[in-house]
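Each ligand, and each atom within it, is numbered from 1 in the order the structure gives. Only a predicted model underlies this, so the values are computations on that prediction, with no experimental measurement involved.
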Amino acid sequence: GLPAVELRLENARAGYRTIEVLHGIDMAIPSGAVTALLGANGAGKSTTLRTIAGLIPLRGGSLTWRGEQITKMTTTNRAKRGLMLVPDERAVFATLSVRDNLQIIAEASGHPDITPALEAFPRLQERLSQRAGSMSGGERRMLALARALLARPSVLMVDELSLGLSPKVASELFAWLGTVADAGTTVILADQYTEEALALADMVYVLHRGEITFAGTPAELGASELLAASAP
Ligand code: ATP
């Protein structure tokens, strides 16, 4: 049968000050799968993730999580339900060691063992006593993802995973996200329109200027592009 819907946005509107960025979008995010939110710079991908995490309010429409209305729920209560956004590599404590960055979140989540994060990212094992702020952008991004993993999210949202990373590190992290979804976590990946994001995704939404212009599987997206290309 069809996978359960983890999150549902209906006619969602959001923006900043006097600017409306999302003009009434509908999304149904399947549970335990990877959903890719694709589009150009400024399309509204980050704004969509911030809206789901509760960092900016909906100005219209609704958001439900596993059938529960969370449109007006605080960011903290959404975090308690496991809605977690990894905005970028700055989502680490720069002055703390790698170990302390991991330990703090592991203890807060009630599962103080940091081993799962080190198994997922062996490179962090070699850097345990290094200050997070002195690592490369790619390593800090790994640390931010490792912290998110230790928080045991129900929904892991990752904004522009590949930004500023070498192709090799980006591939490793994409592969890792696939294993996270295979283990049952719902993953939402906001990214430019890349082959790698498409290869990983079970479901794709394409955003253009704050509106959804495509919703479907990667195969359906491929077919729709072929159709568009062969149109007279
Ligand atoms: P990018 O890849 O550049 O992050 P995006 O698809 O994630 O693109 P958003 O970051 O959601 O797009 O931005 C959508 C629009 O909202 C843009 O016009 C942007 O200038 C505007 N915007 C984003 N953040 C803010 C903010 N904090 N204050 C005001 N306007 C903002």
Protein contact to [atom] [nearest heavy atom, distance to 0.1 Å]:
atom	result
atom 23 (C) of ligand 1	Tyr16 CE1, 3.4 Å
atom 16 (O) of ligand 1	Val21 CG2, 3.2 Å
atom 12 (O) of ligand 1	Gly44 N, 3.2 Å
atom 4 (O) of ligand 1	Ser46 OG, 3.2 Å
atom 2 (O) of ligand 1	Glu160 OE2, 2.6 Å

Interfacing atoms of ligand 1 (cut-off 4.0 Å, heavy-atom, [X]):
X	result
Ala40	6 (O)
Arg50	24 (N)
Gln192	2 (O)

If you group Ile, Leu, Val, Met, Phe, Trp and Tyr by side-chain heavy-atom gaps below 4.5 Å, do Leu128 and Leu124 land in one group? yes

Specify the closest pair of heavy atoms between [X] and [Y], including all atoms of both residues, with the distance to one decimal.
X	Y	value
Phe93	Arg147	CE1-NH2, 3.4 Å
Ala201	Ala36	CB-CB, 3.7 Å
Leu150	Leu102	CD1-O, 3.7 Å
Arg17	Arg59	O-NH2, 2.9 Å
Ala14	Thr51	CB-OG1, 3.7 Å

Ser154 pairs by side chain to side chain contact (heavy atoms under 4.5 Å, CB included) with which of Leu83, Leu7, Thr185, Thr186? Leu83

Would you call Gly210 a ligand 1 contact, heavy-atom distance under 4.0 Å? no

Looking at ligand 1, does Gly42 have a heavy atom less than 4.0 Å from it? yes

Scan the protein's non-hydrogen atoms and note whether one is under 4.0 Å from atom 14 (C) of ligand 1.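 Yes, because at least one protein heavy atom sits under 4.0 Å from atom 14 (C) of ligand 1.
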
Would a 4.0 Å cut-off, counted as strictly less than, catch a protein heavy atom around atom 20 (O) of ligand 1?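 Given the 4.0 Å limit, the answer for atom 20 (O) of ligand 1 is no, no protein heavy atom qualifies.
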
With heavy atoms under 4.0 Å as the rule, classify the contact between [X] and ligand 1 as side chain, backbone, both or neither.
X	answer
Thr47	both
Ala190	neither
Arg17	neither

Contacts of Arg81 meeting side-chain hydrogen bond (donor to acceptor under 3.5 Å, both in side chains) (sequence neighbours excluded), chain-then-number -> Glu68

Arg78 side chain to Ile70 backbone, donor-acceptor under 3.5 Å: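 At least one qualifying donor-acceptor pair exists.
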
For Ala40, is there any backbone N or O sitting under 3.5 Å from a side-chain donor or acceptor partner on Lys45? yes

Regarding Arg123 and Glu139, does a basic nitrogen lie under 4.0 Å from an acidic carboxylate oxygen?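 Between Glu139 and Arg123 there is no salt bridge, as every charged N stays at least 4.0 Å from the carboxylate O atoms.
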
I want to know if ligand 1 touches Ala43 in the polar sense, i.e. an N/O pair below 3.5 angstrom. yes

May I ask which of Asn41, Asp159, Leu163 has a heavy atom nearer to atom 1 (P) of ligand 1 than the others do? Asn41

